[in-house]
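Structure record follows, encoded as structure tokens.
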Amino acid sequence: AAMAGFVRELERRGGPALRLEQRAAGGVGCVVWDAALVLAKFLETGACPLARRHVLELGAGTGAVGIMAATLGANVTVTDLEELQELLLVNIENNKHLVTGSVRAKVLKWGEDVTEFQPPPDYILMADCIYYEESLEPLLKTLKDLTGPDTCVLCCYEQRTMGKNPEIERKYFELLQMDFELEKIPLDKHDEEYRSEDIHIVNIHRKRT
């Protein structure tokens, strides 16, 4: 049975709001997290040119970030697990009249083969993808497999101080730094309204070999 969805509106600078259906139950990935809003609104600042760029979103959940990129002219593939495809398709359908690039949804399980997502995208978008220790290694493998020398990875996350979160976060960035260069995007470059001291956007590139 379909659960009652509830709609989150995300206003845009350039026209009507995105309408994002969420799912009231079912763990993570079913609501629009704050980090997704911050990253989506950061894309609208124009700091990263998206028109006609090839964009891949990992752990897309509701698809908010990827769909925003598609309204800015990018050709986007939003990816998540099988059980989130239906929600992604609903949200793509609900917002397709706002898309100026293109957007499609596909299943991508971290750590598995990514041949069908080659060649490497111009951008990889990730909002709040670090919360399970078990998923760190597969996520890093996927990032390594997907990125080319010119791929720009934008990772937005909410710093969480509860339980194992700080430890998992530290481990993630430690492992990431073996193959990637990280640069934090200063808060004053975030959208003036959608920003928070606890939410960070990091620009990540493959290390030059």
Side-chain angles (χ1 to χ4, degrees), residues 10 12-15 18 35-80 84-85 88 91-92 95-96 98-130 138-157 172-173 176-186 189-191 194 199-209:
L10 174 54
R12 291 186 310 134
R13 299 179 176 201
L18 293 181
L37 298 175
V38 168
L39 184 53
K41 295 298 284 186
F42 171 71
L43 296 179
E44 271 197 315
T45 67
C48 302
L50 290 173
R52 293 179 299 285
R53 296 297 202 280
H54 176 196
V55 173
L56 185 73
E57 185 181 4
L58 295 178
T62 63
V65 178
I67 294 168
M68 179 68 96
T71 70
L72 297 165
N75 295 316
V76 182
T77 305
V78 289
T79 69
D80 212 315
L84 285 155
Q85 296 299 307
L88 285 170
N91 283 334
I92 288 171
N95 295 287
K96 67 171 195 279
L98 305 173
V99 167
T100 56
S102 63
V103 57
R104 58 180 186 159
K106 291 199 119 168
V107 175
L108 191 161
K109 260 192 98 168
W110 298 346
E112 296 188 1
D113 182 66
V114 294
T115 313
E116 64 167 315
F117 298 98
Q118 300 297 351
D122 298 307
Y123 291 94
I124 293 175
L125 306 175
M126 299 165 55
D128 255 349
C129 284
I130 352 169
L139 175 56
L140 288 159
K141 179 185 187 320
T142 291
L143 279 177
K144 271 191 271 191
D145 293 349
L146 284 171
T147 46
D150 301 317
T151 305
C152 167
V153 182
L154 291 174
C155 170
C156 184
Y157 68 101
Y172 170 73
F173 285 110
L176 201 56
Q177 278 166 343
M178 290 163 69
D179 299 280
F180 294 89
E181 305 275 355
L182 281 59
E183 179 201 353
K184 199 174 154 184
I185 293 174
K189 294 273 192 286
H190 297 201
D191 178 88
Y194 288 80
I199 297 181
H200 307 284
I201 304 176
V202 185
N203 188 336
I204 301 167
H205 275 92
R206 284 305 288 264
K207 279 188 174 160
R208 302 271 175 238
T209 38

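Computed from heavy atoms alone, side chains included, the values below leave out hydrogens, waters and symmetry copies.
With sequence neighbours left out, Thr45 forms a side chain to side chain donor-acceptor pair (under 3.5 Å) with no residue at all. Under the ring pair (Phe, Tyr, Trp, His ring centres under 6.0 Å) criterion, Phe42 pairs with no residue, sequence neighbours left out. Evaluation of the side-chain contact (heavy atoms from CB on, under 4.5 Å) rule for Pro49 yields Arg53, Tyr123 as partners, not counting sequence neighbours. Take Asn95 and apply the side chain to side chain donor-acceptor pair (under 3.5 Å) test, not counting sequence neighbours, and it matches no residue. Judged as a salt bridge (charged side-chain N to carboxylate O under 4.0 Å, His left out), and not counting sequence neighbours, Arg208 has no contacts. By the side-chain contact (heavy atoms from CB on, under 4.5 Å) test, Lys144 is found to be paired with Asp179, Phe180, Arg206, residues two or more places apart in sequence or in another chain being considered. Evaluation of the salt bridge (charged side-chain N to carboxylate O under 4.0 Å, His left out) rule for Asp128 yields Arg160 as partners, not counting sequence neighbours. Partners of Cys129 according to the side-chain contact (heavy atoms from CB on, under 4.5 Å) rule, which considers only residues two or more places apart in sequence or in another chain, are Trp110, Met126, Leu139. Applying the side-chain contact (heavy atoms from CB on, under 4.5 Å) rule to Pro186 yields the partners Asp188, Lys189; only residues at least two apart in sequence or on another chain are considered. For His200, the ring pair (Phe, Tyr, Trp, His ring centres under 6.0 Å) partners at least two apart in sequence or on another chain are Tyr157. Residues meeting the salt bridge (charged side-chain N to carboxylate O under 4.0 Å, His left out) test with Glu116, sequence neighbours left out: Lys106. Checked against salt bridge (charged side-chain N to carboxylate O under 4.0 Å, His left out), Lys109 has no partners two or more places apart in sequence or in another chain.
Contact of the Asp191 side chain with the Val38 side chain is not registered, since no non-hydrogen atoms from C-beta on lie closer than 4.5 Å. Considering only heavy atoms from C-beta on, Glu44 comes within 4.5 Å of Leu72 through its side chain.
Of the inter-residue distances, the one linking Ile201 atom CD1 with Leu43 atom CG reads 8.0 Å to the nearest 0.5 angstrom. Of the inter-residue distances, the one linking Gln118 atom CD with Asp145 atom CG reads 7.5 Å to the nearest 0.5 angstrom. Interatomic distance, CE of Met68 versus CG of Leu37, reported as 8.5 Å (0.5 Å rounding). Note: Leu88 CG to Ile67 CD1 = 7.0 Å, rounded to the nearest 0.5 Å. Taken to the nearest 0.5 Å, the OG1 atom of Thr77 stands 10.0 Å off from the CG atom of Leu108. For the atom pair CG of Leu56 and CD1 of Ile124, the computed distance is 5.5 Å after rounding to the nearest 0.5 Å.
For the pair Val76 and Ala70, the tightest heavy-atom approach, listed with the atom from each and the gap, is CG2-N, 3.7 Å. Nearest heavy-atom pair across Pro120 and Gly148 is CB-N, 3.4 Å. Looking at every heavy atom in both residues, Leu18 comes nearest to Ala64 through CD1-O, 4.0 Å. Across every non-hydrogen atom of Glu57 and Val65, the tightest pair is OE2-CB, 3.5 Å. Between Gly59 and Asp80, the shortest heavy-atom distance links the atoms C-OD2, 3.3 Å.
Judged purely by atom type and a 3.5 angstrom limit, Thr151 has no side-chain atom pairing as donor or acceptor with the backbone of Asp122. Between the side chain of Thr79 and the backbone N or O of Val107 there is no donor-acceptor pair closer than 3.5 Å.
Only one option out of Val202, Ile185, Ile204 pairs with Leu154 in a side chain to side chain contact (heavy atoms under 4.5 Å, CB included); it is Ile185.
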